[in-house]
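Throughout, protein chains are lettered first and strands after them, A, B, ... in sequence-line order, and every chain is numbered starting at 1. Just so it is clear, the model here is predicted, and its values are computed rather than measured.
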2 protein chains.
Amino acid sequence: MRTPEPLLILTTDELLAERWQGLADRVLHGRQADALDAWRRDGHRLVVADLGLGSPTSPLWESAAWKRSAHGLQILAASSVPSEDEGLTLMNAGASGYCHSHGPLDTLRQALEVIASGELWVGRALLSRLLRLVDSRLPRAGLADWSSGLTDREREVAHHAAVGESNALIGDTLGITERTVKAHLKAIFEKLGVEDRLQLALRVHGVR
Amino acid sequence: MRTPEPLLILTTDELLAERWQGLADRVLHGRQADALDAWRRDGHRLVVADLGLGSPTSPLWESAAWKRSAHGLQILAASSVPSEDEGLTLMNAGASGYCHSHGPLDTLRQALEVIASGELWVGRALLSRLLRLVDSRLPRAGLADWSSGLTDREREVAHHAAVGESNALIGDTLGITERTVKAHLKAIFEKLGVEDRLQLALRVHGVR
DNA sequence: ACGCCACCTGTCCACGTGGACAATGGCGGG
DNA sequence: CCCGCCATTGTCCACGTGGACAGGTGGCGT
């Protein structure tokens with residue numbers, strides 16, 4: 001982040017290429033999937049891909065070839081005419097971020113920093129819509145009800161265990177003995193009716 | 001962004017206060033809403049508020065007083081035990097960001113930069129779940145994609161293991177030796193880059 | 001025919017896990 | 001004031017797991 005990572009830009013738009021050239025190591029005209037392969041082979045990860053004015057969900061992005069090429073890369077998709085639908089499609093197709101092509105350069109730079117660090121980027125417009133959609137339409141049942149009946153400490157331990165941390169690690173991060181972690185887990189298993197930390201993980205993450 | 005903005009930290013957790021003091025101008029123990037008013041009167045905007053271990057949806061955050069005080073401020077809510085539910089509630093209650101209290105400091109710093117620039121911050125775990133929830137008919141890359149590269153048999157074994165079955169059981173149902181199951185799992189772990197059947201389960205079920 | 005690969009099986013061993021006995025201190029309600 | 005709940009820690013042990021050595025078969029392409 002401090003030292004900007006090599007960045008590949010894919011676009012067919014002359015103006016955008018010019019506009020963005022300041023922050024990229026390499027600008028390619030086109031959207032060839034093989035360019036992605038080459039980029040990855042060179043050990044790089046960061047890519048900005050311009051969608052141009054294509055159909056809202058360009059078939060290119062849904063092709064198996066694209067997904068295969070995009071795998072392992074962190075791609076910031078930029079659209080000239082951002083839409084909820086397009087954003088969703090692209091993010092679900094494996095993109096790490098989605099932004100407006102003609103937005104401020106600073107925003108683009110920030111988005112790149114964010115996805116370079118392994119997080120995801122979605123602009124505030126789309127994100128706030130997502131939040132409202134989920135909040136209004138989806139019943140809360142099953143989202144967080146697993147923790148009902150657990151004490152605060154148990155909830156905490158359960159959360160750590162559910163993401164694959166070992167008892168020793170959990171105890172270490174919580175500042176307690178491994179033995180105590182096991183005691184909490186015992187109670188957790190009992191209360192949730194599971195007998196495994198794996199079953200716990202599935203329960204916590206809402207599987208089945 | 002380049003010149004860090006004044007930052008107020010609200011927490012009741014000693015360890016967190018110590019951990020975060022490096023990046024704050026002022027650390028307050030407590031969660032008083034009037035502290036927010038004072039902060040805004042001084043012309044500041046940035047706040048990190050620790051939720052502690054309160055109930056998933058602490059009543060404090062839903063009170064009218066809190067919302068009034070939080071208005072105009074950019075608040076990053078930090079939870080020790082993040083959950084979908086809590087994140088949704090807080091973001092919809094006016095928070096600008098939601099993150100894990102014990103996450104890396106760099107991530108926190110980045111989140112602060114992002115919300116300082118007027119955007120919203122949601123960690124990739126919650127965000128990816130939101131995306132999947134909203135667009136659930138499209139199996140997200142990683143949900144149907146985890147099995148790419150695996151052989152048919154490996155896919156089969158992986159599926160059984162990912163729902164919590166023991167090696168012996170898997171071998172039994174597939175009509176092979178437990179030893180063979182372990183061999184398959186070895187290959188699976190290798191190919192997927194995990195080292196655990198729990199990590200495998202999370203991967204298979206699209207968690208993280 | 002040779003090599004590659006998917007599939008199958010064997011033994012040994014270090015390690016983490018979960019259960020079965022325990023015990024102590026604190027804190028709030030009846 | 002005692003009882004119940006919570007958090008904490010202890011030892012011992014059976015078991016499943018995953019890694020590290022091994023191998024053996026059959027199919028498929030050059």
Side-chain angles (χ1 to χ4, degrees), chain A residues 68 146-205 207, chain B residues 12-16 51-56 58 79-81 101-102 146-205 207:
Chain A
R68 199 180 52 244
W146 61 270
S147 59
S148 72
L150 299 188
T151 68
D152 290 338
R153 203 53 160 169
E154 286 165 355
R155 225 188 316 274
E156 204 166 5
V157 171
H159 174 262
H160 284 282
V163 293
E165 295 182 16
S166 72
N167 292 342
L169 209 184
I170 298 172
D172 207 48
T173 49
L174 295 186
I176 56 179
T177 318
E178 175 180 351
R179 177 63 188 85
T180 310
V181 176
K182 295 168 82 173
H184 286 306
L185 278 176
K186 177 102 167 64
I188 293 167
F189 292 157
E190 175 84 18
K191 290 181 178 178
L192 295 187
V194 300
E195 54 181 11
D196 238 67
R197 61 206 297 112
L198 200 154
Q199 295 294 339
L200 168 66
L202 296 185
R203 174 74 59 93
V204 166
H205 292 104
V207 178
Chain B
T12 56
D13 188 321
E14 295 288 344
L15 277 79
L16 281 181
L51 303 170
L53 284 166
S55 53
S58 172
S79 171
S80 303
V81 262
S101 304
H102 298 87
W146 61 272
S147 57
S148 75
L150 298 187
T151 68
D152 290 337
R153 204 54 159 170
E154 285 165 355
R155 223 187 317 274
E156 203 167 3
V157 172
H159 176 261
H160 284 282
V163 292
E165 296 182 16
S166 72
N167 292 342
L169 211 184
I170 298 173
D172 207 49
T173 50
L174 295 186
I176 55 180
T177 317
E178 176 181 348
R179 178 62 190 84
T180 309
V181 176
K182 295 169 83 173
H184 285 307
L185 278 176
K186 178 105 164 67
I188 293 167
F189 293 156
E190 176 86 18
K191 290 181 178 177
L192 295 188
V194 299
E195 54 181 10
D196 237 64
R197 59 204 299 113
L198 201 155
Q199 295 295 339
L200 169 64
L202 297 185
R203 174 75 58 94
V204 167
H205 293 105
V207 177

Practice task
Using only side-chain N and O atoms of B:T151, determine if any of them is under 4.0 Å from OP1 or OP2 of C:dA6.
Solution key: no
Problem - Euclidean distance, atom CD of residue B:Q199 to atom P of C:dG16 [Å, nearest integer] - result: 16 Å
Handout entry: Rounded distance in Å - CG (B:L198) to C1' (D:dG18)
Key = 14 Å
Handout entry: Side chains of B:N167 and B:R197, donor plus acceptor under 3.5 Å
Key = yes
Exercise for the section: Measure the CD-CG distance between A:E195 and A:L200 for me, rounded to the nearest 0.5 Å. Expected result: 12.5 Å
Problem - Spacing of B:L192 atom CG relative to D:dG18 atom C1', expressed in whole Å - result: 16 Å
Practice task
State whether B:T177 places a side-chain N or O below 4.0 Å from either non-bridging phosphate oxygen (OP1 or OP2) of C:dC8.
Solution key: no
Fill in the blank from the handout: With the side chain defined as heavy atoms from C-beta on, B:N167 is closest, among D:dG19, D:dG18, C:dT17, to D:dG18
Completion exercise
What one should report as the nearest heavy-atom pair of A:V157 and A:I170 is O-CD1, 4.3 Å
Problem - Minimum side-chain heavy-atom gap B:F189-B:Q199 below 4.5 Å - result: no
Completion exercise
A:D196 CG to C:dG16 P, in whole Å, measures 17 Å
Exercise for the section: Using whole Å, report how far CD of A:E165 lies from P of C:dG16. Expected result: 15 Å
Practice task
Remember a base hit wins even if backbone is also touched, and classify B:T180 as base, sugar-phosphate or nothing at under 4.0 Å, heavy atoms.
Solution key: base
Handout entry: Given C:dT9, C:dA20, D:dT9, the nucleotide with the shortest approach to the side chain of A:K186
Key = C:dA20
Problem - Spacing between A:E195 atom CD and D:dG16 atom C1', to the nearest angstrom - result: 12 Å
Practice task
Would you indicate what B:R179 reaches in the nucleic acid, counting non-hydrogen atoms under 4.0 angstrom: base, sugar-phosphate, or nothing?
Solution key: base
Problem - Value in whole Å for how far the P atom of D:dT17 lies from CG of B:L200 - result: 13 Å
Exercise for the section: Could you tell me whether A:A187 contacts a base, only the sugar-phosphate backbone, or nothing, with contacts defined as non-hydrogen atoms closer than 4.0 Å? Expected result: nothing
Problem - Toward the 5' end of DNA chain C, by each residue's nearest nucleotide, B:E178 or B:K182 - result: B:E178
Exercise for the section: Using whole Å, report how far CD1 of B:I170 lies from P of C:dC8. Expected result: 13 Å
Fill in the blank from the handout: Taken to the nearest 0.5 Å, the spacing of B:H184 NE2 from B:H160 NE2 works out to 11.5 Å
Problem - Nearest-nucleotide pick for A:R197, side chain only, options being D:dC6, C:dC8, C:dT17 - result: C:dT17
